Amino acid sequence: MNVGTPSAFLSPAPAGSALQAQGLRFGYGKQGAIFDAVSLQVRPREIVALLGGSGCGKSTLLRVLAGLEQPAAGEVRFLGEPLRSPHPRAALVFQQASLLPWLDVRGNVRFGLDFAHQPKAGRKALDARVAQAIEAVGLAGREHAFPAQLSGGMAQRVALARALAREPALLFADEPFSALDAITRAEMQNLLVELVHRWHAATLLVTHDIDEAVLVADRILLMGRGAQDQPAGIVREWTVDIPRPRDAHPAATTALRLDILAALRSLRHAPDDIALPASAS
Ligand SMILES: Nc1ncnc2c1ncn2[C@@H]1O[C@H](COP(=O)(O)OP(=O)(O)OP(=O)(O)O)[C@@H](O)[C@H]1O
Ligand SMILES: [Mg+2]
């Protein structure tokens with residue numbers, strides 16, 4: 001498997017990429033590179049899942065792509081421009097909702113929207129954006145609840161609303177639903193797809209859950225190492241053209257899961273903590 005070199009199977013970037021990365025390398029401090037020669041793109045309105053085992057460097061790659069860390073080599077372009085710091089039209093959602101406990105739902109969604117680096121908008125327009133985002137995640141009527149009064153699923157809805165209120169061109173989501181129970185997680189996966197389509201936000205979703213990637217993504221990138229001492233790279237890519245809702249197409253989704261699983265097993269140091277679909281285990 002071709003690991004650690006720019007991947008021949010990656011499609012050429014169209015002029016209108018939301019995010020484009022070329023030849024990225026990154027390592028912490030004096031440690032060796034965690035990943036190298038990573039090239040990828042996310043097209044406008046596209047949902048791309050970045051799948052890989054624990055510790056392969058998914059979160060680190062996401063931080064570099066979001067401009068939170070600088071690469072040792074390579075370049076990230078956001079909406080066509082070189083990215084050197086977090087972009088106001090990008091929003092992040094993490095595993096923990098990280099809400100401010102002293103602000104209610106509305107305050108948390110509103111927080112940061114009028115910071116200096118955000119695009120200027122009038123107070124009324126911002127209030128309308130906040131109300132619309134809260135309504136879209138199903139929390140209308142709960143605007144005055146405080147984080148301590150929310151379930152984990154509701155807190156993640158607030159985090160999603162906070163991201164959407166920025167009207168992001170790109171949403172970075174790092175295992176946003178992995179702390180939720182299975183039913184809430186499935187609801188949130190469907191909600192995410194609905195919202196990113198409605199907001200026209202391209203999305204890069206980091207996950208170690210094959211099922212989540214298959215249900216949500218337009219494209220799936222598999223990150224991994226060919227050998228233990230090598231930096232990770234993008235080792236496979238799948239375009240998912242199964243119509244939504246995907247669970248109405250069990251034969252096609254199962255075939256794709258099995259193909260991803262086979263790719264994982266063909267990696268010499270296949271991660272053992274990847275979430276394997278029930279149908280394949
Ligand atoms: N701040 C840091 N300083 C030094 N090393 C780090 C730091 N953050 C992560 N690492 C190391 O970088 C490697 C990749 O970590 P990263 O968190 O990106 O992996 P991941 O694929 O997101 O894993 P997981 O699925 O468990 O979230 C790991 O070996 C980790 O120990
Ligand atoms: Mg991670």
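Just so it is clear, the structure is predicted and the values come from calculations on it, not from any experiment. Whatever order the structure lists them in is the order used to number ligands and atoms, beginning at 1.
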I210 side chain reached by V214 side chain, heavy atoms, under 4.5 Å: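 V214 reaches I210 side chain to side chain.
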
Does Q20 reach the side chain of E75, with side-chain heavy atoms less than 4.5 Å apart?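 Q20 vs E75: side chains apart.
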
Is [X] salt-bridged to [Y], going by a charged N under 4.0 Å from an acidic O?
X    : Y    : value
R157 : E187 : yes
D211 : R246 : no
K58  : D174 : no
R219 : E46  : yes
D259 : R236 : yes

Is [X] near ligand 1, meaning one of its heavy atoms is under 4.0 Å from it?
X    : answer
C56  : yes
G29  : no
M223 : no
E175 : yes

Determine whether the side chain, the backbone, both or neither of T60 has a heavy atom under 4.0 Å from any heavy atom of ligand 1.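 Both of them.
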
What atoms of ligand 1 come closer than 4.0 angstrom to any heavy atom of [X]?
X   : value
G53 : 21 (O)
S54 : 23 (O), 24 (P), 25 (O), 26 (O)
S59 : 17 (O), 18 (O), 20 (P), 22 (O), 27 (O)
Q31 : 4 (C), 5 (N)

I need the minimum non-hydrogen distance between V42 and T203, along with the two atoms involved.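 Scanning both residues completely, I find the closest heavy atoms to be CG1-O, 4.0 Å.
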
Can you tell which of F35, F26, Y28 gets a heavy atom nearest to atom 9 (C) of ligand 1?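 Of the listed residues, Y28 has the closest heavy atom.
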
Given G224, S178, G55, identify the one with the heavy atom nearest to atom 23 (O) of ligand 1.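 Looking at heavy atoms only, G55 sits closest to atom 23 (O) of ligand 1.
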
The Mg ion (ligand 2) to nearest N/O/S of T60 less than 2.8 Å: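 Within the cut-off used here (under 2.8 Å), T60 places no N, O or S atom near the Mg ion (ligand 2).
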
